[in-house]
There are 4 protein chains.
Amino acid sequence: MPLTPEQQAEIDTLRSQPQETLRTVAPGMERHLYTAHPVLDHGFVRVVDYMGDDAAICQAARVSYGKGTKSVSNDEGLIRYLMRHWHSTPFEMCEVKLHVKLPVFVARQWIRHRTANVNEYSARYSILDREFYIPAPDALAAQSTTNNQGRGEALQGDEAQRVLRILQDDAMRCYDHYEQMISEDGQQGLARELARMNLPANVYTQWYWKVDLHNLLHFLRLRADAHAQYEIRVYADAICAIVADWVPAAYKAFEDYRMGGATLSSSALDCVRRMLKGEEVTQESSGMSKGEWREFMGVIEP
Amino acid sequence: MPLTPEQQAEIDTLRSQPQETLRTVAPGMERHLYTAHPVLDHGFVRVVDYMGDDAAICQAARVSYGKGTKSVSNDEGLIRYLMRHWHSTPFEMCEVKLHVKLPVFVARQWIRHRTANVNEYSARYSILDREFYIPAPDALAAQSTTNNQGRGEALQGDEAQRVLRILQDDAMRCYDHYEQMISEDGQQGLARELARMNLPANVYTQWYWKVDLHNLLHFLRLRADAHAQYEIRVYADAICAIVADWVPAAYKAFEDYRMGGATLSSSALDCVRRMLKGEEVTQESSGMSKGEWREFMGVIEP
Amino acid sequence: MPLTPEQQAEIDTLRSQPQETLRTVAPGMERHLYTAHPVLDHGFVRVVDYMGDDAAICQAARVSYGKGTKSVSNDEGLIRYLMRHWHSTPFEMCEVKLHVKLPVFVARQWIRHRTANVNEYSARYSILDREFYIPAPDALAAQSTTNNQGRGEALQGDEAQRVLRILQDDAMRCYDHYEQMISEDGQQGLARELARMNLPANVYTQWYWKVDLHNLLHFLRLRADAHAQYEIRVYADAICAIVADWVPAAYKAFEDYRMGGATLSSSALDCVRRMLKGEEVTQESSGMSKGEWREFMGVIEP
Amino acid sequence: MPLTPEQQAEIDTLRSQPQETLRTVAPGMERHLYTAHPVLDHGFVRVVDYMGDDAAICQAARVSYGKGTKSVSNDEGLIRYLMRHWHSTPFEMCEVKLHVKLPVFVARQWIRHRTANVNEYSARYSILDREFYIPAPDALAAQSTTNNQGRGEALQGDEAQRVLRILQDDAMRCYDHYEQMISEDGQQGLARELARMNLPANVYTQWYWKVDLHNLLHFLRLRADAHAQYEIRVYADAICAIVADWVPAAYKAFEDYRMGGATLSSSALDCVRRMLKGEEVTQESSGMSKGEWREFMGVIEP
């Protein structure tokens, strides 16, 4: 359960107090505001604030004085054009602020996306909660035998049990020791900024993360991808669902041109052209390496 | 007059349609929304959208579940603490989107602040208006005789007249030729992307500019400063007035710690300490160069 | 002629003084160092400094203690893999510093690429030279009749003559007036920061521009593209030739996966798959708009 | 001992092979190249590459064709002027690439400085070494009783022993379990990307970190400061010593204007002026809060 009753009460209070504004309002996003969408065993994603909507993308692209909208179909066409031709600046005109609770090892991947604003819960100043990510059985995967950087089948039987027990026991023991070390009961008490070093990387942290739509979509393309680590992908998936409600036209274009699309190399395009003329092309005659050919086949014969 | 009646009508329409939102609303900013604040002879600054308020800075600093506000005085103290200790990330949690109309030579200085999002009116696609910045008489300044990079007294009499006439005539002639070159009346018509090269740097352009509060305050510190060129300083001043209404506590801290403050070097601090002990310190005994000493005197005996 | 004899002498001096270093040296880049490659009528690009080579990309990707190179063919494979899978950070480990002389309207497009470091010649402090870009006859193009943002055929006969005369006369007159206004001969002399506003956008400026290889390749993909304005494309082309000598493996991968490649949308991929199965697909049955279909045809039947 | 004999041999090989270059060479930096400066118990900082020197800062500020140096004293004056007036772009023209080995909890603070390029050792792909930071006795500090975010005196006697034993035992046990979980001996073997979550935050990681001089100095100002956590401050100190050899004039200006300087608020400046006129100013009459007054006293009566 990611939220305490007190936290849920704070959220309920915020959701019960609509106010008037002259700004652009995105109805699909108002529905999400403040609500925590659960991710993994203790994590969540929730929208704290947002700026703009589909029309704001067009308004900026047209540098207009009013709403900038001509008609919905016209706006959709413009958004598709902008996405197709990599015009990124109009998408930067929308912004979203999220509150995310996530394991530290996921946070370490996430933070590599530098074009965003972050305020993380400070473990120098505050005491971290006793919450650790323990994978569900089907997420407890073996090392991939074909891909050095991936994972394979779920672990079976005894091995799965053993691993789960280790993860749970080590987390609890490390946290017990964390508490003992910082305790000021009958001793000086170790500085929090030092004691935190005893906590394993599946401990949960949380942060406010603010990003523009262009950079968010770039993040989602990489992290909602099948090659991303499962534990960050579930966060990306949860955000995708939110973005689809916030800026439906932009999200649809993103799905078509980015998530569902593929970049073909010069060699791959050459193969496609030869194939379309009826030529039988093989890896050997393609000019591609085995790895590239396998990926190419995955695109044209999925 | 920076706005046409059609543009004003678009703005009036937007201002007449309040909607409900669950987001944080900054009443001081709602009053500014969409309204064009005139700057220079044809320019303006107007707020198109905003995210956050003073409480949002504290909310992020505390990574809280609800509003994050404890009390107004408590929040003010926290904001002052964050500003004083260069904690920039909570200020990045507020964002503003401005529509600005400005001369090209001002735009060229402005764009050097890279951490912002920009959509500029495209002179490849569209035709620029016949609008040029012509300085008011008291802004028509001579080159500074003491500062290679500044300006001195206003030009007098005939010289002022001569300069004004040159600026006006060249602007009009260049614009006439711009129109003639792109005309498709009885000729092919030069491409817009080429014809624009004939327009001098006082022609007006416009853009949407989106920036977070931390980077905006950094921009204002440099551009509302007495050493900034007058023509960009008036834009910075107009934005300062807006920010003061938007996030009053943050703006007050900014005024105290940044705009009205000064950074003293190690040598300067050493002099202050010696002076406070009663020592007579001169430039010669200060260890500072003449330029540094003059600037130091400007700080302690303004 | 973009360089004065004095400037050429400074460059010759630098090129005559090799020194010993323990750093990685890229022989192909040493040949370019300091030499000005002419672009347009008065512009140039020249390499002032660089960091890294192909091996440095692999060294960083492997976080190795020594050179990080296993073998040349191994490194090429790794570089192709990194490029194909959008692993951008190893390419950020190479850096280049260029000195560029370019017309102001080109500089205004260029500066939109924000992830770079820039020092521009200051027209507040210094006096600009009397140098303006005047297009060669075949670059004097009409507005495109099919693309609002492009250019069409070269202007013919009288019209071409008329346009050239306007561009030349206005440039000279504006510069004459610039000189008159700043002159301190018998008058106060207008401040340089103001006088510059009378100069049209084809006046040349210059800057130092420093960028990492990843962001440089992104710049080149957009600006060496056929849709980029000719006047910035020639700079991008000149830089491409330099990069090909500096990091040959990375440049080759860039040509194959970026410049010569294409991103196909989900709909486009679907069409390719249907076509490869023998289906006759038309724009109507493709699910694509006319514009998208035309671009798609341009990719598979160039 | 941070390096294995094999790693040291790779470094020795690189240091034994000087090559000729036409680029700027900084002799003080050549001496550091590749050598690992030990930090903490297993960490290090070593320079992998660099670009530019003091003269390169001036060359860019002057946008010059040759070296840009007028004379050493002239260059020093220019560098001091640029530092004093916050002209950051010339300092961005120098770049350094470091290889750093550091505990994960330090890496998490470090990465918050976003304007840098990073390649970190991948624990999805590779197996981490059995190396953990265990504080030396004098670094084993208690929580500060006056500052929520700091540390106080070193722990004494039994408590210190207890804490050290916990840190060592938990690290070893977690690492043993990490190895057991990823082992493929008689079992499937847990994916590395999952197993790493069992490792506490004092485990060492390493990365290549590349940054320009302006952003590096900003990092050093914050992280070499007395308020920074000791474990990152020792890295900042090690880098300060390197920078002092690389760009001595820039580093000296940095020490005077940044590290040894202080920013006084408007209220603080007002107090200084009153005091210099002989007035007795107290906290009550200063207009400052108690916290501000204490910090102010620390500046003028250190």
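Lettering follows sequence order; numbering is per chain, from 1. Side chains included, hydrogens not; waters and symmetry mates left out as well; all remaining heavy atoms used.
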Exercise. Under the side-chain contact (heavy atoms from CB on, under 4.5 Å) criterion, do B:Thr205 and B:Leu102 qualify, and how do the steps go?
Worked result: CA-CA 6 Å; B:Thr205 184; B:Leu102 70 178; 3.9 Å; yes
Part of [X] lying under 4.5 Å from any heavy atom of chain B:
| X | result |
| --- | --- |
| D:Arg274 | neither |
| D:Thr89 | side chain |
| D:Leu276 | both |
| D:Arg258 | neither |

Would you indicate whether the side-chain heavy atoms of [Y] and [X] approach each other to under 4.5 Å?
| X | Y | result |
| --- | --- | --- |
| B:Thr24 | B:Gln59 | no |
| D:Leu78 | D:Arg62 | yes |
| D:Ile79 | D:Phe91 | yes |

For this session: State whether B:Asp54 and B:Lys252 are salt-bridged, where the test is any N-O pair (Lys NZ or Arg NE/NH1/NH2 against Asp/Glu carboxylate O) under 4.0 Å.
Result: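 The answer is no: the pair does not qualify as a salt bridge.
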Exercise. Can a salt bridge be assigned to the pair B:Arg112 and D:Glu92 using a cut-off of 4.0 Å between side-chain N and carboxylate O?
Worked result: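 D:Glu92 and B:Arg112: not salt-bridged.
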Exercise. Can you tell which of D:Leu269, D:Asp270, D:Asp256, D:Val272 has the highest number of heavy-atom pairs within less than 4.5 Å of chain B?
Worked result: D:Asp256
Exercise. Top residue by heavy-atom pair count (under 4.5 Å) with chain B, among D:Glu255, D:Met83, D:Arg80?
Worked result: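 Greatest number of close heavy-atom pairs with chain B: D:Arg80.
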Exercise. Can you pull out the residues in residues 284-301 of chain B with any heavy atom less than 4.5 Å from chain D?
Worked result: B:Gly291, B:Glu292, B:Glu295, B:Val299, B:Ile300
For this session: Give me the contact list for residues 221-241 of chain B versus chain D, heavy atoms only, anything under 4.5 Å, ordered by residue number.
Result: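 Against chain D, the residues of residues 221-241 of chain B that fall inside the cut-off (heavy atoms, under 4.5 Å) are B:Arg221.
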Examine distances only and state if a side-chain atom of [X] and a backbone atom of [Y] form a donor-acceptor pair shorter than 3.5 Å.
| X | Y | value |
| --- | --- | --- |
| B:Tyr50 | B:Ala26 | yes |
| B:Trp246 | B:Gly52 | yes |
| B:Asp245 | B:Met29 | no |

Problem set entry | Candidates D:Leu213, D:Asn117, D:Leu216, D:Asn215 - the one meeting side chain to side chain contact (heavy atoms under 4.5 Å, CB included) with D:Glu95 |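 Going through the options one by one, the only one that passes is D:Asn117.
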For this session: Under 4.5 Å, counting heavy-atom pairs only, tell me which of B:Ser266, B:Gly278, B:Gly261, B:Ala268 racks up the most with chain D.
Result: B:Ser266
Exercise. Within a radius of less than 6.0 Å around CD of D:Glu279, do more than 12 heavy atoms belonging to other residues, nucleotides or ligands occur?
Worked result: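 More than 12 heavy atoms, drawn from other residues, nucleotides or ligands, come within 6.0 Å of this atom.
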Problem set entry | Portion of B:Leu264 that has a non-hydrogen atom of chain D nearer than 4.5 angstrom | both
For this session: Determine whether the aromatic ring centres of B:Phe219 and B:Trp110 lie less than 6.0 Å apart.
Result: yes
Exercise. Is there a donor in the side chain of B:His218 and an acceptor in the side chain of B:His113, or the other way round, less than 3.5 Å apart?
Worked result: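 No, no side-chain donor-acceptor pair sits under 3.5 Å.
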